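Data first, discussion second: the structure below is written as structure tokens.
To find a chain, count down the sequence lines: A is the first, B the second, and so on, and within it residues start at 1. Computed from a predicted structure; not experimentally measured.
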Amino acid sequence: MTADTIGAAVKRAFGADNRDRLLREYLAGIAPIAPDTAWKHVYRLLLWIDSTTGLAHCYESDKSQPGRAWYERSLRFHAWVSASLGSAPEALRSEIDWLFRHASRDLASGASARQQERAKRQRARTPGMPEPGRDPELENLILNALAPWLQEPPPPDAVRTLTERIHRHTRLENKRKNLVGEGFEDVLAVLIRLLPASAFRFVRARCPLHDIPGFYEPRDREKPRIVDLALVRGPEDRRSLITAKWSIRADREEQFVSDCASYVHLERAGQSFDYVLITNEFDPARLVAAAERQREGNPLFTNVVHVSTDALKAVYGDRPSRSFARALAHVRGGRVESLGDWLSRLHR
DNA sequence: GAACTACCAGTGGGCCATCA
DNA sequence: TGATGGCCCACTGGTAGTTC
């Protein structure tokens with residue numbers, strides 16, 4: 001990659017080009033990937049620490065606060081991930097979240113001097129305006145909290161620099177949402193490509209449906225359907241259309257059915273295909289809903305794949321009740337399978 | 001070709017209703 | 001009353017179309 005292309009990538013540090021560059025950097029020397037270790041790479045690259053609990057994120061932040069039910073489950077998840085990745089619980093932070101940490105680094109290095117110079121010229125044309133980054137309420141909050149330990153007020157510039165950094169940190173967390181969404185698809189695609197003796201002849205993330213062999217172009221003025229991840233494998237060119245969702249919400253569950261109906265509608269080869277859900281969702285009710293969802297009397301999904309069913313077992317604990325027990329029954333029955341098991345079967 | 005706008009699809013957060 | 005489930009929101013990057 002040339003200096004120019006690195007510069008272009010860093011303009012969108014969380015965009016597809018830079019994600020691709022970072023993934024190649026992370027995976028250099030790792031290939032081939034053993035299927036049963038794929039989940040470790042997914043977690044090392046994408047899993048993060050919830051800053052409000054200090055624990056690895058496995059459920060919504062508000063329900064994982066100390067004292068609430070998911071705090072104990074988050075503690076178990078954090079302990080399990082730490083042990084499984086060979087890390088101390090306190091050190092897990094630096095073991096995971098690789099993609100976000102490196103994209104953030106690129107974002108900081110990409111904040112160009114040229115942009116700052118331009119901002120200076122823009123402000124010079126309209127003098128007397130409030131300075132960017134000033135946040136008097138936040139400044140007061142910090143100064144009041146630290147007052148007992150301060151011998152004298154810090155210089156205004158130092159306070160402003162601190163508030164700017166806090167704002168930058170908050171904005172960065174918002175960028176994670178996009179990174180986890182498309183990054184999950186990217187990570188799965190590269191891991192599948194790096195399986196040993198891969199039997200796949202077609203692996204593409206965010207693939208237009210009509211680019212997959214055996215599907216029609218969109219009709220009339222219909223928009224092209226985009227598939228999260230598409231695979232074609234084996235001597236009979238078996239097709240797998242994969243919806244990859246780090247987490248699931250009820251409003252997205254309806255989309256699974258309509259997407260599948262569109263895929264069936266636009267199939268032209270007259271052959272069946274697999275419709276697969278890959279997720280890191282830990283909510284048992286959502287997993288059960290995905291496992292049991294029907295379409296025309298058959299399971300909607302050919303396979304329901306979780307990044308780590310061992311993590312699910314660890315989180316749910318020894319005495320699961322109600323929906324937790326039901327989700328575990330699907331795990332034990334194989335309806336919800338681990339990423340490693342699914343990859344092992346696929347690439348044989 | 002650059003800059004801008006509108007729209008889309010993805011995510012987690014958070015509020016609130018329901019249920020056991 | 002606390003856990004759970006449903007829904008909507010804000011925010012992001014990507015893309016297509018338009019304007020200059």
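- Picking from B:dT11, C:dT4, C:dG5 the nucleotide with the shortest atom distance to the side chain of A:Ala285 gives C:dG5.
- Within the structure, a side-chain polar atom (N or O) of A:Arg73 is placed less than 4.0 Å from OP1 or OP2 of C:dT4.
- The interatomic distance linking A:Leu46 (CG) with B:dG10 (P) rounds to 16 Å, in whole Å.
- Residues A:Ile212 and A:Cys207 have side chains in contact (heavy-atom distance under 4.5 Å, counting atoms from C-beta outward).
- Of the candidate nucleotides C:dG5, C:dG14, B:dT11, C:dG14 has the atom lying nearest to any side-chain atom of A:Glu182.
- Checked against C:dT4, B:dG10, C:dG5, the side chain of A:Phe324 finds its nearest nucleotide in C:dT4.
- One can place CG of A:Leu287 at 15 Å from C1' of C:dT4, the figure rounded to the nearest angstrom.
- No side-chain donor-acceptor contact under 3.5 Å links A:Arg286 and A:Thr279.
- Atom-to-atom, CG of A:Leu277 to P of B:dG10 comes out at 13 Å; the value is rounded to the nearest Å.
- No side-chain donor from either of A:Tyr26 and A:His102 sits under 3.5 Å from a side-chain acceptor of the other.
- Among the nucleotides C:dT4, B:dT11, B:dG10, the one closest to any side-chain atom of A:Trp70 is C:dT4.
- Heavy atoms of A:Ala244 sit under 4.0 angstrom from primed sugar atoms or phosphate atoms, though from no base atom.
- Between A:Tyr316 and A:Phe282, the gap from one ring centroid to the other reaches at least 6.0 Å.
- Between A:Trp39 and A:Trp342, the distance separating the two ring centers is not shorter than 6.0 angstrom.
- Rounding to whole angstrom units, CD1 of residue A:Ile248 and P of C:dG5 are separated by 13 Å.
- Proximity of the aromatic rings of A:Tyr275 and A:Phe301 is defined here by a centroid distance below 6.0 angstrom, and this criterion is met.
- Across the protein-nucleic acid pair, A:Asp228 atom CG and C:dG13 atom P stand 19 Å apart, rounded to whole Å.
- Here the P atom of nucleotide C:dG6 and the CD atom of A:Glu281 are 12 Å apart, to the nearest Å.
- Residue A:Glu185 contributes atom CD, which lies 11 Å from atom C1' of B:dT11 at whole-angstrom precision.
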For nucleotides 13-20 of chain B, give me every protein contact, N/O to N/O, under 3.5 Å, one pair per line with atom names.
unit_1 : atom_1 : unit_2   : atom_2 : d
B:dG13 : OP2    : A:His57  : NE2    : 3.4
B:dG13 : OP2    : A:Ser61  : N      : 3.3
B:dG13 : N7     : A:Arg249 : NH2    : 3.2
B:dG13 : O6     : A:Arg249 : NE     : 3.3
B:dC15 : N4     : A:Lys63  : NZ     : 3.4

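- Taking atom CZ of A:Phe100 as the reference point, atom C1' of C:dG13 lies 14 Å away to the nearest angstrom.
- Qualifying salt bridge (Lys or Arg N to Asp or Glu O under 4.0 Å) partners for A:Arg335, counting only residues two or more places apart in sequence or in other chains: none.
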